[in-house]
Amino acid sequence: MFKFTFLVCCLLATQSISDAYKILVVFPMPGKSHSILGYSVVKHLLKAGHEVTYVTPFVEGNHHPNLTQVDVSSNMRLIPKGGLDLKRVLDKQINVIDNGFMFYFMKQIQEATLEHEQVKKLLEDPNKTFDIVIVEWMYCELGASYAAVFDVPLIWLSTMEPHWLVTRLIDGNLNPAYNGDSISSSIPPFTFLQRVKELWIQIRTSYLLLIDDQEISYDRLVRPLIEKKGRKAPSFEDLKFNASLVLGNSHVSLGEATGTPQSYKPIAGYHIEEVVKPLPADLKKIMENAKHGVIYFSMGSNLKSTEMPDEMKQNLVKMFGELKQTIIWKFEEDFPNLPKNVHIVNWAPQPSILSHPNCVLFITHGGLLSTTESVHFGVPIVGIPVFGDQFINVQRAVKRGFAKKVDFSYSMVGELKVAIQEILSDSSYRTRIKELSLIYHDRPVSPGAELVHWVEHVARTRGALHLRSPALHVPFYQKLYLDLLAVVLIISLIFYRIICLIKNLLLSFFQTNEIKKKKKRN
Ligand SMILES: *[C@@H]1O[C@H](CO)[C@@H](O)[C@H](O)[C@H]1NC(C)=O
Ligand SMILES: *[C@@H]1O[C@H](CO)[C@@H](O)[C@H](O)[C@H]1NC(C)=O
Ligand SMILES: *[C@@H]1O[C@H](CO)[C@@H](O)[C@H](O)[C@H]1NC(C)=O
């Protein structure tokens with residue numbers, strides 16, 4: 001008997017270790033940085049021997065035998081016209097993104113993806129099966145539908161620092177007294193006013209969540225698909241709080257030491273290749289010859305420097321020309337008569353440049369991927385935030401002492417020069433980033449290995465139910481002990497009543513006695 005059990009155990013063990021899983025990865029957001037994060041998930045899973053189906057607006061030229069890509073580039077048409085236009089930001093025509101807008105925008109993206117011909121074909125195919133579904137969480141839970149259609153465990157991937165909109169899906173809200181909202185630009189410890197503002201954002205956003213109508217879309221687009229496969233469709237409410245895991249593009253070296261639930265796994269940095277590709281020969285020569293170091297300037301992939309006003313461009317070139325450092329500027333157009341120390345490149349291998357020992361400073365828009373890379377490679381930054389989470393990323397970097405912030409404005413060039421000179425002349429910025437880089441790298445395994453491990457763990461344990469937080473099943477009024485408050489109030493009321501009653505009884509008793517006595521005396 002023992003032998004038999006042992007044999008079965010061995011079989012199960014080897015089977016579970018060598019199992020290749022079929023994994024559906026859905027990243028429908030039409031943004032380059034989102035697709036970098038999505039494709040990096042895919043690459044890690046392929047490398048670990050799994051079969052991956054990847055739904056993306058940015059199809060990669062990768063012909064791996066175990067990769068199937070579903071092209072949803074038609075989602076690109078949903079991006080608001082001129083939404084990422086630098087000039088409109090400069091002229092203050094674009095408001096900072098708010099939660100309400102994101103809910104609306106992302107629901108459109110999710111619906112368009114579910115309605116896409118190729119995606120529909122995939123979802124309707126009765127022979128198609130998966131073991132696990134990984135969906136990017138972006139202000140919408142309709143993505144949970146993929147897990148319901150294939151009846152498999154769901155993993156969210158959150159591209160930001162942990163925040164309450166994500167933790168509420170696997171645990172509960174984070175306390176607004178010391179946890180910022182995803183769109184907030186405050187960093188704890190909060191002032192009184194900041195604390196009130198964070199509470200207000202949670203209350204207002206909770207109201208928006210209460211009245212949202214994702215369920216209608218689910219009933220219309222997804223329920224029939226599940227029923228056609230002969231299963232009863234779960235309610236959307238059950239479905240959206242049923243994820244096995246949240247993989248977070250965060251790490252304590254980059255953000256706060258937020259108290260997160262067991263089923264939240266921080267894996268920031270997984271998009272950075274462990275072995276950096278060598279520099280192309282021309283860039284290599286430029287970097288090796290830079291006696292005073294290299295400043296790398298890039299405003300990211302979705303902010304076109306060509307949209308910059310001409311005067312700003314001229315001033316930048318002039319200011320860079322006055323520095324003794326070599327500048328590598330990722331820019332989409334060429335300039336006549338560039339100063340000798342300024343090099344414009346249309347495409348830049350960012351990790352390879354940042355990892356070069358001569359790279360002394362990174363001027364960036366402060367996107368999360370770029371700030372992560374600056375910590376990964378230990379290069380201090382000047383941040384010029386323009387959109388969304390770039391403000392808070394740069395603010396965090398400033399607070400941690402490895403960055404200076406410059407406001408994106410018509411007059412920023414002078415400010416930028418001062419910031420560059422301060423960082424290069426004060427060694428504390430460099431010391432600080434090296435310390436953070438040490439914390440970032442000092443993990444038991446690489447973030448990519450951790451990603452693969454947790455995905456496989458969920459598959460092996462059929463949904464990792466043991467990681468689920470008990471908080472998910474505790475209603476709001478119980479968390480705040482409102483029921484206890486009600487009981488205490490009722491008991492107090494009853495006591496008060498009883499005491500009043502006794503008092504009245506005693507009073508009337510004494511009064512009648514008094515009257516009797518008086519009568520006797522009379
Ligand atoms: C493709 O997946 C199969 C399992 O389905 C695996 O055995 C094989 O090694 C994978 N191929 C590659 C090139 O990774
Ligand atoms: C599903 O598989 C069955 C049996 O292998 C086959 O007869 C059928 O045509 C397949 N259906 C689709 C839609 O591919
Ligand atoms: C919730 O997830 C578990 C594990 O993946 C699964 O067994 C269960 O059917 C899911 N429930 C709903 C309502 O989707």
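Nothing here was measured: the structure is a model prediction, and the numbers come from that model.
Judged by distance alone, with hydrogens and angles left aside, the side-chain atoms of S352 form a donor-acceptor pair with the main-chain N or O of K277 at under 3.5 Å. Under the 3.5 Å distance criterion, the side-chain polar atoms of N75 are left unmatched by any main-chain donor or acceptor of P57. Using a distance-only test at 3.5 Å, with no hydrogens or angles considered, a donor-acceptor pair links the side chain of N393 to the main chain of D389. Side-chain atoms of N249 come within 3.5 Å of backbone atoms of T159 as a donor-acceptor pair (strictly under, hydrogens ignored). Between the side chain of S235 and the backbone N or O of D238 there is at least one donor-acceptor pair closer than 3.5 Å. A donor-acceptor contact shorter than 3.5 Å is absent between the side chain of E136 and the backbone of P28. Proximity of a side-chain donor or acceptor of Q69 to a complementary backbone N or O of E60 within less than 3.5 Å is detected. Side-chain atoms of R400 never come within 3.5 Å of backbone atoms of A397 as a donor-acceptor pair (strictly under, hydrogens ignored). N62 places a side-chain N or O within donor-acceptor distance of the main-chain N or O of H64, the cut-off being under 3.5 Å. When atom types are taken as modelled, the side chain of S446 and the backbone of A449 share a donor-acceptor pair closer than 3.5 angstrom.
Counting non-hydrogen atoms of neighbouring residues, nucleotides and ligands closer than 6.0 angstrom, the NZ atom of K229 exceeds 12 such neighbours. The number of heavy atoms from other shown groups lying within 6.0 Å of NZ (K232) does not exceed 12. Open room surrounds NZ on K228; 12 or fewer heavy atoms of other groups in view lie less than 6.0 Å from it.
The CD atom of Q262 sits 8.5 Å away from atom OG1 of T260, with the distance rounded to the nearest 0.5 Å. Here the CG-CE distance, from L78 to M29, works out to 10.5 Å after rounding to the nearest 0.5 Å. Distance check, rounded to the nearest 0.5 Å: CG of D131 to CZ of R462 gives 10.0 Å. Put simply, CZ on F362 and CD1 on I295 are 12.5 Å apart, with the number rounded to the nearest 0.5 Å. Between atom CD1 of residue I226 and atom CZ of residue R223 there is a gap of 7.5 Å, rounded to the nearest 0.5 Å. Atom OG of S40 and atom CG of L451 lie 9.5 Å apart (nearest 0.5 Å).
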Discussion item. Run K107 and D213 through salt bridge (charged side-chain N to carboxylate O under 4.0 Å, His left out) and show every step you take.
Written reply: CA-CA 9 Å; K107 184 165 151 265; D213 54 359; 3.2 Å; yes
- prompt: Between F241 and I170, does a side chain to side chain contact (heavy atoms under 4.5 Å, CB included) hold up when you go through it step by step?
  reply: CA-CA 6 Å; F241 294 106; I170 50 168; over 6 Å; no
Discussion item. Working note: V379 + I433, criterion side chain to side chain contact (heavy atoms under 4.5 Å, CB included); need CA distance, chi angles, decisive distance, verdict.
Written reply: CA-CA 6 Å; V379 180; I433 190 84; 5.8 Å; no
message: Working note: V72 + Q118, criterion side chain to side chain contact (heavy atoms under 4.5 Å, CB included); need CA distance, chi angles, decisive distance, verdict.
response: CA-CA 8 Å; V72 291; Q118 293 304 313; over 6 Å; no
Inset, instruction - Evaluate the side chain to side chain contact (heavy atoms under 4.5 Å, CB included) criterion for residues T129 and F150: first the C-alpha distance (whole Å), next the side-chain angles of each, then the deciding distance (0.1 Å), finally the verdict. - result: CA-CA 6 Å; T129 58; F150 296 107; 5.9 Å; no
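Taking the six-membered ring where tryptophan is involved, the planes of W137 and H163 are tilted, since the angle between them lies from 30° to 60°.
In this structure, a donor-acceptor pair under 3.5 Å is absent between the side chains of H251 and Y440. Between the side chains of S73 and D71, at least one donor N or O sits under 3.5 Å from an acceptor N or O. Counting only N and O atoms by type, the side chains of Y178 and T258 include no donor and acceptor under 3.5 Å apart. Checked by atom type, the side-chain pair N99/R204 shows no donor-acceptor distance below 3.5 Å. For the residue pair D181 / W164, a side-chain donor-acceptor distance below 3.5 Å is found, with atom types taken as modelled. Under 3.5 Å, the side chains of E111 and S217 contain a donor-acceptor pair of N or O atoms.
Taking a cutoff of 4.0 Å between a charged side-chain nitrogen and a carboxylate oxygen, E227 and R231 do not qualify as a salt bridge. Residues K43 and E273 are paired through a salt bridge, judged by an N-O separation under 4.0 Å between the basic side chain and the carboxylate.
Taking the six-membered ring for Trp and the full ring otherwise, the centers of H44 and W454 sit at least 6.0 Å from each other. With ring centers used as reference points, H466 lies under 6.0 Å from H457. With ring centers used as reference points, H34 lies 6.0 Å or more from F27.
Residues L157 and V41 meet the side-chain proximity criterion, which asks for heavy atoms closer than 4.5 Å. In this structure, E256 and I187 have side chains that are in contact, with non-hydrogen atoms separated by less than 4.5 Å. Proximity of P30 to I109: side-chain heavy atoms (C-beta onward) are separated by under 4.5 Å at one or more points. Put simply, the side chain of Y21 does not reach to within 4.5 Å of the side chain of I132, judged on heavy atoms. A heavy-atom distance below 4.5 Å is found between the side chains of Q350 and S370. With contacts defined as side-chain heavy-atom distances shorter than 4.5 Å, the pair N173/T167 does not qualify. With a 4.5 Å cut-off on side-chain heavy atoms, Y54 and V70 do not count as touching. Side chains of M299 and V386 form a contact here, defined as non-hydrogen atoms less than 4.5 Å apart.
The two residues N346 and E333 come nearest to each other via the heavy atoms OD1-N, 4.3 Å. Scanning both residues, I381 and S374, for their nearest heavy atoms gives CG2-CB, 3.5 Å. Smallest separation of non-hydrogen atoms from L24 and F130: N-CD2, 3.7 Å. Closest of all the heavy-atom pairs between S298 and K330 is OG-CD, 3.8 Å. The nearest pair of heavy atoms linking H50 to L46 is O-CD2, 3.6 Å. Considering all non-hydrogen atoms of both residues, L416 and L316 come closest at CD2-CD2, 3.7 Å.
A cation-pi arrangement, defined by a distance under 6.0 Å to the six-membered ring centre and an angle within 45 degrees of its axis, is absent between R220 and Y218.
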